[in-house]
Amino acid sequence: MNELLVHPEIERVLLRQNEIEDRIDRVSADIAEAYRPHSFTVVPVLTGSFVFASDLVRRIPLPLELSFVWARSYRDGRSPGELELGAFPTAAEIEGRSVLLVDDILDTGRTLSSLREELLERGAADVKTCVFLDKPSRRQVEIEPDFRCFEIEDVFVVGYGLDFGGRYRNLPVVAALRPQGDAAGG
Ligand code: IMP
Ligand code: MG
C-alpha cells in the first residue's frame, strides 16, 4: 500500500495502475493510427500532464517531436482560478506542424481551448487534443477531446500527475479526494 493513499484527504482509488496502462495502450494505438505515416509534435501541458505524456509518447512508434507549454488554472486548491499561460514552444517548433496537445484533465475546457487557439495563431497547421481524464459535466467552453482515456464523474481527483495544492502528483493511481468539509472517518 502506498503510504500517500492512507492520508485522510484521500477517499478512494478510482483507477488502478493496470487499468491505466491498458487504456493508454489502446489510446496510443489510436493516435498512431490517426497520424501514421506523418510526423507531428506532441505538446504536453505542464505540470499536470507530465506523467501521462511520458507514458503516452513511449507507446507511439512514430517520429514525433516534443515541445512543452505551461498553464495554471487552479491557484487555490479545487476551484478554477484565472488562467495563466506561459513557456510556449518557439515558432520554429510549431509553424506548419500538426500538433497534439496533451493534458491531464479536461474540466471546464478553458485551458485546452485557449491553448489550442494560441497554437493555431502561432502557425500550427492543425491542433488535436488528447486528455487522460475528461469531466464532461463540468464543461463551460465547447470542446471535445480528439482522444481521451477515461471519462469520470464530477469528483476532484489526484495522482498520476494531478495535484491538490501541489501534492499527490507522484501517486501511481488516480484517487478521489474526500469532499471538502467531510470529516475523515477512521
Ligand atoms: P480546465 O481549464 O477547467 O479544463 O482545467 C483543466 C486543468 O484544471 C487541468 O489541467 C488540471 O490542472 C486542473 N484540474 C481540473 N480538475 C482537476 C481535478 O479533479 N484534480 C486536479 N486538477 C484538476
Ligand atoms: Mg493542469
Side-chain angles (χ1 to χ4, degrees), residues 2 4-5 7-17 19-20 23-24 27 31 42-57 66-89 99-121 127-182 184:
N2 187 314
L4 274 174
L5 280 176
H7 194 287
E9 276 174 349
I10 301 285
E11 187 175 63
R12 64 185 199 279
V13 172
L14 282 188
L15 299 167
R16 305 197 169 274
Q17 271 170 283
E19 284 176 79
I20 294 173
R23 184 64 191 138
I24 297 178
V27 169
I31 291 172
V42 175
V43 177
V45 182
L46 295 175
T47 303
S49 77
F50 84 108
V51 178
F52 173 50
S54 89
D55 279 346
L56 187 74
V57 295
L66 267 167
S67 180
F68 298 86
V69 295
W70 182 88
R72 170 180 290 171
S73 63
Y74 275 70
R75 296 220 195 134
D76 53 353
R78 306 183 195 200
S79 52
E82 204 179 304
L83 191 64
E84 219 181 302
L85 304 179
F88 259 80
V99 169
L100 180 66
L101 250 179
V102 174
D103 207 357
D104 52 359
I105 187 164
L106 186 56
D107 188 41
T108 66
R110 294 186 314 135
T111 307
L112 274 196
S113 64
S114 306
L115 289 174
R116 188 172 62 185
E117 286 312 307
E118 196 67 42
L119 288 164
L120 287 167
E121 270 171 33
V127 178
K128 289 194 189 335
T129 55
C130 173
V131 296
F132 175 58
L133 302 177
D134 185 10
K135 279 188 203 169
S137 63
R138 295 256 312 162
R139 207 76 90 247
Q140 290 173 10
V141 172
E142 214 175 298
I143 179 170
E144 278 296 310
D146 295 288
F147 306 95
R148 148 181 73 199
C149 291
F150 300 97
E151 188 175 310
I152 61 166
E153 57 193 292
D154 182 12
V155 288
F156 196 88
V157 291
V158 293
Y160 200 70
L162 294 125
D163 74 307
F164 174 55
R167 287 174 299 127
Y168 300 114
R169 293 196 196 277
N170 56 324
L171 260 184
V173 299
V174 173
L177 226 55
R178 207 172 286 283
Q180 259 164 343
D182 259 29

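All ligand and atom numbering here is 1-based and tracks the order in the structure.
For R167, the CZ atom is densely surrounded, since the number of other residues' heavy atoms within 6.0 Å is greater than 12.
Residues forming a side chain to side chain contact (heavy atoms under 4.5 Å, CB included) with R23 (at least two apart in sequence, or on another chain): R26, V27, C149, F150.
Comparing F132, Y168, F156 against atom 17 (C) of ligand 1, the shortest heavy-atom distance belongs to F156. Within the set D104, T47, D107, the minimum heavy-atom distance to atom 12 (O) of ligand 1 is found for D104.
Within the structure, the closest approach of G48 to ligand 1 does not fall below 4.0 Å when heavy atoms are considered.
Not a single N or O atom of L162, backbone or side chain, sits closer than 3.5 Å to an N or O atom of ligand 1.
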Next on the checklist: Please determine whether side chain to side chain contact (heavy atoms under 4.5 Å, CB included) holds for the pair N170 and L4, giving the CA-CA distance in whole Å, both sets of side-chain angles, and the decisive distance to 0.1 Å.
Outcome noted: CA-CA 9 Å; N170 56 324; L4 274 174; 3.6 Å; yes

Next on the checklist: Is there a side chain to side chain contact (heavy atoms under 4.5 Å, CB included) between I31 and L56? Walk through the geometry before answering.
Outcome noted: CA-CA 10 Å; I31 291 172; L56 187 74; 4.1 Å; yes

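At a heavy-atom cutoff of 4.0 Å, ligand 1 is contacted by the side chain of D103 but not by its backbone. Here Q140 has no heavy atoms under 4.0 Å from ligand 1, in either its backbone or its side chain.
Ring geometry for Y160 versus F132: interplanar angle of 30 to 60°, hence tilted.
Against a heavy-atom cut-off of under 4.0 Å, T111 is close to the following atoms of ligand 1: 1 (P), 2 (O), 5 (O), 6 (C). Proximity to K135 (heavy-atom distance under 4.0 Å) selects the following atoms of ligand 1: 16 (N), 17 (C), 18 (C), 19 (O). Counting the atoms of ligand 1 from 1 in the order shown, those under 4.0 Å from a heavy atom of D163 are 21 (C).
Within the 4.5 Å cutoff, no side-chain heavy atoms of V131 are placed close to those of F52.
Checking side-chain atoms of R178 against main-chain N and O of P8 turns up a donor-acceptor pair under 3.5 Å.
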